[in-house]
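In this text the structure is predicted, and so the values were computed from the model without any measurement. Within every chain, numbering begins at 1; the chains are lettered A, B, ... in the order of the sequence lines, protein sequences first and strands thereafter.
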Amino acid sequence: MSELLAQLARVRAQGAPAALATLIGTSGATPREPGATMCVGAGGEILGTVTIGGCVDARVIETAPDVIATGEQRVVTMALGDDDAMLLGLTCGGTVELLLQRVDPRDTNTAMSRAYDAAGAVVAEARAAIVATPLTSDERITIDENGTRHGTLGDRALDDAVASRAREMIAAAAPPAVGRFAHGGAEMVIWLEVLAPPHEVVIVGATDVAIALTRFLDELGMRTIVVDGRERFATRERFPCATEIRVGMPSEIVAERVWTARTAAVLLAHDYKYELPVLRTVLRSGAGYIGMLGGRKRGSRLRTLLGEEGFSDGELSRIHTPIGLDIGAARSAEIALAVAAQLVAAFRGRVPLR
Amino acid sequence: MTPPVEHPYGAIIVEHFRHPRNQRTLGAGAVVAEGVNPLCGDRVRVELAIPEGSAVVADAAFTANACAICVAAASLLTEHLRGLALHSVLGLADATALRWLEAPIPTGRERCALLPLETARRAVAVMHTGAGVDRRLP
């Protein structure tokens with residue numbers, strides 16, 4: 001579940017209104033990117049952070065009661081850091097633009113509530129959606145990656161323009177952003193919020209490194225599917241944090257999955273009996289990342305074997321081996337940390353990965 | 001092209017591992033059984049085409065995520081099963097299957113070499129009794 005949807009679910013569970021602060025713009029250096037959200041309950045409870053602590057969070061918390069009481073949606077601009085911190089150079093020094101909205105779980109019939117419900121349903125089906133929030137209107141529209149719309153901004157031409165932009169953003173895996181659209185002779189500024197299903201990591205080999213990796217990836221909000229041919233190794237007792245555990249022919253389990261840029265194949269078995277059949281499948285898939293545990297020499301030999309089977313240099317170059325960031329990892333948990341970090345880098349589009 | 005792999009278990013195993021025969025799936029109606037070595041994780045599925053009313057293996061195929069010895073054994077087995085009477089499949093000796101590999105298999109690895117044969121026997125045996133084998137659905 002996305003961070004925002006998780007926060008909204010928590011607000012709903014608590015049954016009381018909250019203020020939702022969304023970082024929609026930044027200028028200069030800031031510790032978080034647009035799309036970061038923070039919910040503050042009427043009782044001052046905090047869910048997520050728009051900045052990493054600091055004075056902006058404090059001002060959001062101070063403003064929350066008024067947002068909750070009035071229901072008034074507003075955009076505020078705040079500078080990061082106070083004068084003392086700026087004098088000492090101990091602040092990012094940037095400014096942030098925040099969209100503040102009231103979330104009221106008692107009223108499920110608002111445009112906002114319907115928009116996020118629609119988005120939540122799409123994400124639950126492993127598809128991405130965009131919720132479009134005009135900065136000066138209560139209307140909302142949700143567009144999914146197939147172009148299906150829920151809600152309206154009150155103008156068909158505007159809906160069409162926003163839907164078109166939304167589909168482009170989803171296809172490009174673009175980050176959330178403010179969009180500007182011509183409307184009624186003026187410009188309408190709309191926050192285009194991307195809600196995407198969690199990244200999925202298929203881990204082949206129910207090993208100690210895999211156990212630690214599922215813990216790290218669970219914390220990072222990624223789905224993990226542990227795959228092994230051995231029933232006594234791929235168990236819920238050993239993998240309490242795995243999303244799914246599959247025992248069977250690993251190459252067939254892997255072949256059944258839908259591979260997209262949001263999915264990764266991580267081979268931790270350190271055994272060619274699984275690696276070769278699995279690689280034969282994933283190398284020609286749309287997987288966003290393929291990594292394999294093992295040293296350089298072994299990796300090179302495996303690439304040679306697969307090359308002799310007809311895999312191209314381009315296909316073989318997709319295999320990250322040795323796997324993980326180079327942090328000098330030696331213990332299982334350290335290797336898992338290195339792999340988790342490399343997965344974050346891969347999904348964030350940071351290349352090269354080592 | 002890399003030079004031939006120096007393999008302690010011989011050229012036949014290397015050849016059948018690198019170029020396995022009959023590694024495919026048969027159509028609907030095949031008799032299917034899957035075997036696994038629970039500790040090392042070798043998994044092999046043996047499929048037999050046995051026409052209705054016949055007692056002879058018309059075709060044999062396998063799928064495996066397994067070590068070189070197991071894959072080679074499965075490849076060789078499926079070559080030998082074609083045309084074999086079902087009672088002969090049940091009567092195939094372990095020693096015969098090991099001999100096909102033309103290499104000394106250490107005792108600790110015999111289980112890898114015999115997994116395909118055990119799986120094939122199981123498929124035929126339960127087919128005779130009509131119980132439990134995972135016959136592919138049409």
(message) Quick check: do B:P38 and A:E231 have side-chain heavy atoms less than 4.5 Å from each other?
(response) no
(request) Against chain A, work out which of B:V44, B:V36, B:N37, B:T63 has the most heavy-atom pairs shorter than 4.5 Å and name it. (result) B:T63
(request) Identify the heavy atoms of B:F17 and A:L276 that sit nearest to each other, and give their distance. (result) CZ-CD1, 3.8 Å
(message) Using a 6.0 Å cut-off, check whether atom CZ of A:R236 has over 12 heavy atoms from anything other than its own residue.
(response) yes
(message) Would the distance check show the side chain of A:Y274 and the main-chain N or O of B:A66 forming a donor-acceptor pair, the cut-off being under 3.5 Å?
(response) no
(message) Can you confirm whether more than 12 heavy atoms, excluding those of B:R24, are under 6.0 Å from its CZ atom?
(response) yes
(message) Tell me the closest heavy-atom pair linking A:P277 and B:A64, and the distance in Å.
(response) CG-O, 4.4 Å
(request) Starting at CD1 of A:I253, measure out to CG of B:N65 and round the result to the nearest 0.5 Å. (result) 8.5 Å
(message) Can you confirm whether more than 12 heavy atoms, excluding those of A:E219, are under 6.0 Å from its CD atom?
(response) no
(request) Indicate the atoms forming the closest heavy-atom contact of A:R230 with B:L39, along with that distance. (result) CD-O, 3.3 Å
(message) I'd like to check A:Y272 versus B:C67 (side-chain heavy atoms, cut-off strictly below 4.5 Å). Are they in contact?
(response) yes
(request) Check whether B:V71 gets within reach of chain A through its side chain, its backbone, both or neither, counting any heavy atom under 4.5 Å. (result) neither
(message) Taking side chain as everything from C-beta outward and backbone as N, CA, C, O, which of these in B:C70 sits under 4.5 Å from a heavy atom of chain A? Side chain, backbone, both or neither.
(response) neither
(message) To the nearest 0.5 Å, what is the distance between NZ on A:K273 and CZ on B:R43?
(response) 11.5 Å
(message) Shorter than 4.5 Å, heavy atoms on both sides: which option in A:E252, A:M249, A:E309, A:E275 has the most such pairs with chain B?
(response) A:M249
